[in-house]
Structure formats: structure tokens, C-alpha cells
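The structure appears right after this line, and notes come after that.
Quick note: numbers below take in every heavy atom, side chains included, and nothing from hydrogens, waters or symmetry partners.
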Amino acid sequence: MKYYMHIGSLEYKGKSVYKSQINYISSGQDYFRRLVEKISETKTIFINSVIETDNPRAKPFNEGNYFVSFVSNSLLVRVLQTKWAIIKNYRKMPFQDKSNSEIVILLNQPLRPYLKAAFEIKKDFKKAQIITFIPDLPEYSNLSRLPLFINFLKKIDNSIIYRQLKKIDAYVLFAEAMAKILPKHPYTTIETISEAVLYVKDSQVSSNKKVILYTGSLHSKFSVFDFAFSLLPLMDDNVVFIVAGKGDDCERLSSMPKNKVIALGYLSPEEVIEYQKAADVVVNPRLPDSGLYTNYSFPSKITEYLSNCGIVACHKLGGVPNEYDSVLFYPEEATSLSLAKLCIKLCYLSNADRENARANSSRLLSLKTAEYAVKKLYDLEDLLNNR
């Protein structure tokens with residue numbers, strides 16, 4: 001018998017993890033949900049989901065092959081709880097004859113408790129493979145400003161993670177360049193997984209102005225405020241910049257002229273999609289950073305933007321494969337001002353050019369389906385089996 005297990009925070013099929021119970025659901029939800037659902041069509045896969053919560057009354061539960069436990073959103077408590085929450089979920093799963101069975105353990109990110117739990121589970125099976133997905137390198141997994149002591153602990157944690165990664169079997173990378181940094185193992189690259197159906201353009205959001213939109217983290221390193229500052233002098237009364245998200249730059253963005261820059265704060269995923277459908281242009285203002293973070297990360301918002309709007313303005317980033325060059329709009333220079341000028345221009349695209357751009361985006365994303373991703377995963381397994 002061969003089993004699969006997904007380890008990591010995952011709200012499966014919109015399952016009953018009530019919003020009142022959880023602190024947040026990670027940005028990779030759609031990616032891993034699509035992957036797990038496609039695997040489950042032909043294989044037996046258990047979902048071992050551990051979700052942070054600020055609700056002390058949240059209780060573990062399972063339904064079918066979906067098992068969920070809750071851990072504290074307090075950092076130090078969470079580190080202690082997570083491994084054992086995974087093990088408790090695992091012990092409830094109805095495996096048959098483990099000592100004569102195979103398992104492929106899929107970790108949705110390289111966290112130390114996930115790795116430690118996977119190593120322990122691996123011992124129970126005749127044959128086991130651990131494949132770790134790497135959305136971001138450990139050192140770039142949290143770009144928020146942290147206290148010095150927490151930064152010190154994070155560096156220690158990262159060094160332990162890199163040692164643990166030497167003991168896994170393979171990676172699924174979100175950016176090809178990651179392979180140069182990580183301990184050497186076989187790998188494949190699956191930077192995104194898209195839905196097959198795109199551009200259902202009806203939106204509940206309406207505006208009589210040209211809308212430039214950004215949705216996502218407002219961390220200062222993402223250059224959203226710098227972009228807005230450059231955009232302001234270029235805007236006429238027919239253009240508005242709408243920003244949705246939380247982060248360091250919230251306060252500065254909120255202080256800008258309200259008729260030009262609208263800061264919405266946090267929106268639900270459903271609301272974000274509606275705004276993206278209604279936008280004339282969506283923008284990712286993140287600047288290239290001399291080959292550091294942006295070379296080792298694929299911005300997940302790119303796929304979201306292409307799916308829901310199709311007109312995406314951004315800088316050329318090292319972690320984005322060249323095949324996206326035909327569907328993304330790049331400024332002439334790697335500056336916030338040059339990107340702002342491009343966005344104004346894109347607001348006034350002709351309908352024919354706009355529909356052509358959306359059709360190109362649709363064609364590219366139609367190649368990035370869950371079926372294609374699972375085939376790449378199975379090819380990676382075959383490579384491991386034939387070594």
C-alpha cells in the first residue's frame with residue numbers, strides 16, 4: 001500500500017475551520033489545496049493540518065482524511081506545540097500495515113517542527129520519502145521587523161533547519177535559484193498552481209475611475225509607499241490607487257490624499273478577488289534587490305493578479321521565470337517612478353489591447369494546472385525510486 005501525507009497549515013475544501021477559530025490562513029492555501037485535491041483523485045492522501053489560533057477553546061477534529069489541530073499563535077508556545085500536534089493527528093489516521101507500506105510525506109514549508117515530525121513518522125514505514133516544498137528560503141520566510149533577540153533565535157533556528165534539510169529526500173522549489181543555496185537533493189520547480197477557469201470578469205465592485213490596485217503585505221521592503229509617492233503627481237482626477245493589506249506602511253499610506261489613495265486595510269480573500277476583477281491595472285511595486293530575496297522567491301500574487309485582472313505591472317524579478325515576460329508589463333527602468341508612469345499608461349489601454357493581454361495571461365496559466373503540477377511531483381518520485 002502507498003500513502004501520501006500533507007503536513008502544514010491547510011484549510012481543505014473550505015472545510016469547517018471557522019474564521020472565529022483561526023488567526024490566519026497562509027497565502028499558499030490555493031496552491032496546496034489544488035495540489036492535494038488532484039492527488040486525492042487517484043491516491044490515498046491524509047491531510048495533517050496544524051493551524052495557529054488565538055482561541056484557547058479551539059478543539060482538534062477530523063473529517064474523512066482531513067485531520068486538524070490548533071496551536072497557539074504565541075511564537076514560543078507554538079514552537080513547542082506544533083511537532084506534537086502533527087504526531088497526534090498522525091496517530092489518529094487509519095493506516096493499514098504501516099511496516100509493509102510506503103509513504104510520501106509532503107511538507108508545505110521547511111519548518112523545524114514539520115521536519116522533526118516527518119522524521120519520526122518516517123520510521124514507522126517500510127519505505128518513506130520526505131519531499132519539502134520551499135516557498136521561501138528559511139532566512140527570507142519573515143521580512144517583518146523583529147526584536148533583536150527574536151532575530152538571534154531565528155538565525156539559530158535557520159541553521160538547524162538547514163542541517164535538517166540534509167536528511168530529506170527531495171524539494172519542490174518555487175524559484176529555480178533556490179537550488180544554489182539549499183543542501184543538494186533532487187528537485188523540481190513548481191512556482192504556481194492555477195485554476196483552469198480564468199476571467200469570469202463580473203465583479204461586485206464598481207468604480208467610475210481608472211483603478212490601479214495593490215493587494216498584499218504592506219511591509220516597507222515591498223516599496224508600496226515609494227510607488228504611491230511617485231504615482232501621486234502623475235494622477236489626474238480620473239485615476240485612483242487602491243491598496244488593501246496590512247504592514248509597516250499602513251499609516252503612511254493612510255495619510256495620503258483620500259481622493260487619490262484609498263487604503264482599505266485587511267480584506268477577506270473573497271473581497272480581494274472582487275477588487276482585482278474590477279481593477280484596470282494591478283501592480284507589484286517590489287523593487288529588484290541586487291540578487292537577494294527577489295532572486296529566491298516567486299511572488300504568489302503574480303498568479304492571483306494574472307488570473308483575476310490580467311493587466312499586471314511589475315519590475316523584472318529574478319525569481320520569476322522568463323516565460324512570464326510575455327504576459328507581465330515591465331517599466332523601462334527599475335524605479336518606482338518608472339513603474340508609476342507605466343501604470344498610468346496601462347490605465348488607458350485600448351479594449352483590444354486589454355483583451356489580448358488577458359488572453360495571453362490565460363494561455364500561460366492554462367499550462368500551470370494542478371494536473372501538470374502533480375505530474376512533475378510524480379516524475380520527481382520516479383527519479384528518487386530509480387536512484
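Ion pairing of Asp248 with Lys221 is absent here, as no side-chain N (NZ or NE/NH1/NH2) approaches a carboxylate O to less than 4.0 Å. Using a 4.0 Å cut-off between a side-chain N of Lys or Arg and a carboxylate O of Asp or Glu, Glu381 and Lys376 do not qualify as a salt bridge. Under 4.0 Å is where a charged nitrogen must lie from a carboxylate oxygen, and between Arg358 and Asp353 no such pair does.
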side-chain hydrogen bond (donor to acceptor under 3.5 Å, both in side chains) for Ser268 and Glu271? Distances and angles first, verdict last. CA-CA 5 Å; Ser268 70; Glu271 290 170 321; 3.3 Å; yes

For salt bridge (charged side-chain N to carboxylate O under 4.0 Å, His left out), just list the numbers for Lys38 and Glu41, CA-CA rounded to whole Å, side-chain angles, deciding distance to a tenth of an Å, and then say yes or no. CA-CA 5 Å; Lys38 181 55 66 173; Glu41 290 178 6; 3.2 Å; yes

Check your understanding: Under the side-chain hydrogen bond (donor to acceptor under 3.5 Å, both in side chains) criterion, do Thr303 and Thr192 qualify, and how do the steps go?
Key -> CA-CA 7 Å; Thr303 306; Thr192 191; 2.6 Å; yes

**Message:** Show, in sequence, the C-alpha distance, side-chain angles and deciding distance for Lys368 and Glu191, and conclude whether the salt bridge (charged side-chain N to carboxylate O under 4.0 Å, His left out) test is met.
**Reply:** CA-CA 9 Å; Lys368 305 290 182 178; Glu191 79 281 357; 2.9 Å; yes

Note to self: Ser338 vs Glu332, test: side-chain hydrogen bond (donor to acceptor under 3.5 Å, both in side chains). Steps then yes/no.
What the structure shows: CA-CA 6 Å; Ser338 187; Glu332 294 179 1; 5.6 Å; no

Inset, instruction - Would you sort out whether Phe46 and Phe95 count as a ring pair (Phe, Tyr, Trp, His ring centres under 6.0 Å), showing the intermediate values? - result: CA-CA 10 Å; Phe46 293 99; Phe95 293 102; 4.7 Å; yes

- Task: Quick one: do Lys316 and Asp325 satisfy salt bridge (charged side-chain N to carboxylate O under 4.0 Å, His left out)? Show the steps, please.
- Result: CA-CA 8 Å; Lys316 172 67 174 173; Asp325 292 352; 2.8 Å; yes

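Between Tyr324 and Phe298, the ring planes are tilted. Angles from 30° to 60° get that label. Between Tyr3 and Phe125, the angle of the ring planes goes over 60°, which puts this pair in the perpendicular group of the 30/60° scheme.
By the rule that hydrophobic residues join a cluster once side-chain heavy atoms approach within less than 4.5 Å of another member, Val239 and Leu337 end up as members of one cluster. Residue Leu165 is grouped with residue Val104 when hydrophobic side chains (ILVMFWY) are merged at heavy-atom distances under 4.5 angstrom, including chains of intermediate members. Under the 4.5 Å side-chain heavy-atom criterion for ILVMFWY residues, a single connected hydrophobic cluster contains both Phe329 and Ile212.
Taking the centre of each ring, His6 and Phe32 come in below the 6.0 Å mark. A ring-centre distance under 6.0 Å is found for Tyr31 and Phe174. Taking the ring centroids of Phe61 and Phe67, they lie at or beyond the 6.0 Å cut-off. The ring of Phe119 has its center no closer than 6.0 angstrom to the ring center of Tyr114.
Annotation: cation-pi pair Arg252/Phe225 present, NZ/CZ under 6.0 Å from the ring centroid and within 45° of its normal.
In this model, no donor atom of one side chain and acceptor atom of the other lie less than 3.5 Å apart for Asn351 and Arg354. Side-chain atoms of Asp249 and Ser220 include no donor-acceptor pair closer than 3.5 Å. Counting only N and O atoms by type, the side chains of Thr215 and Gln276 include a donor and acceptor under 3.5 Å apart.
Applying the side chain to side chain contact (heavy atoms under 4.5 Å, CB included) test to Ser49 and every residue at least two apart in sequence or in another chain returns Leu10, Ile47, Ile51, Tyr66, Val68.
Heavy-atom minimum distance, Cys314 versus Leu339: N-CD1, 3.7 Å. Summarising the geometry of Ser217 relative to Val224, their closest heavy-atom pair is O-CG2, 4.2 Å, with the distance given to 0.1 Å.
Judged by distance alone, the side chain of Ser9 and the main-chain N or O of Glu52 form no donor-acceptor pair under 3.5 Å. Distance alone, capped at 3.5 Å, places no donor-acceptor pair between the Lys180 side chain and the Glu176 backbone. With hydrogens and angles ignored, the 3.5 Å screen pairs no side-chain donor or acceptor of Lys2 with any backbone N or O of Ser101. Side chain of Ser297 to backbone of Thr294: no donor-acceptor contact under 3.5 angstrom is found. No donor-acceptor distance shorter than 3.5 angstrom exists from the side chain of Arg34 to the backbone of Ala370, with no hydrogens or angles considered.
In this structure, Lys166 places its NZ atom where only 12 or fewer heavy-atom neighbours from other residues, nucleotides or ligands lie under 6.0 Å away.
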Could you list the donor-acceptor pairs under 3.5 angstrom formed by side chains in residues 341-348, with sequence neighbours left out?
residue: Tyr348; atom: OH; partner: Asp236; partner atom: OD2; Å: 3.2

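Residue Leu377 forms a side chain to side chain contact (heavy atoms under 4.5 Å, CB included) with just one option from Val172, Thr188, Asp382, and that option is Val172.
For residues 118-132, every residue pair satisfying the side-chain hydrogen bond (donor to acceptor under 3.5 Å, both in side chains) rule, not counting sequence neighbours, is listed here: Lys83-Glu120, Tyr90-Asp124, Lys127-Asn385, Gln129-Asn385.
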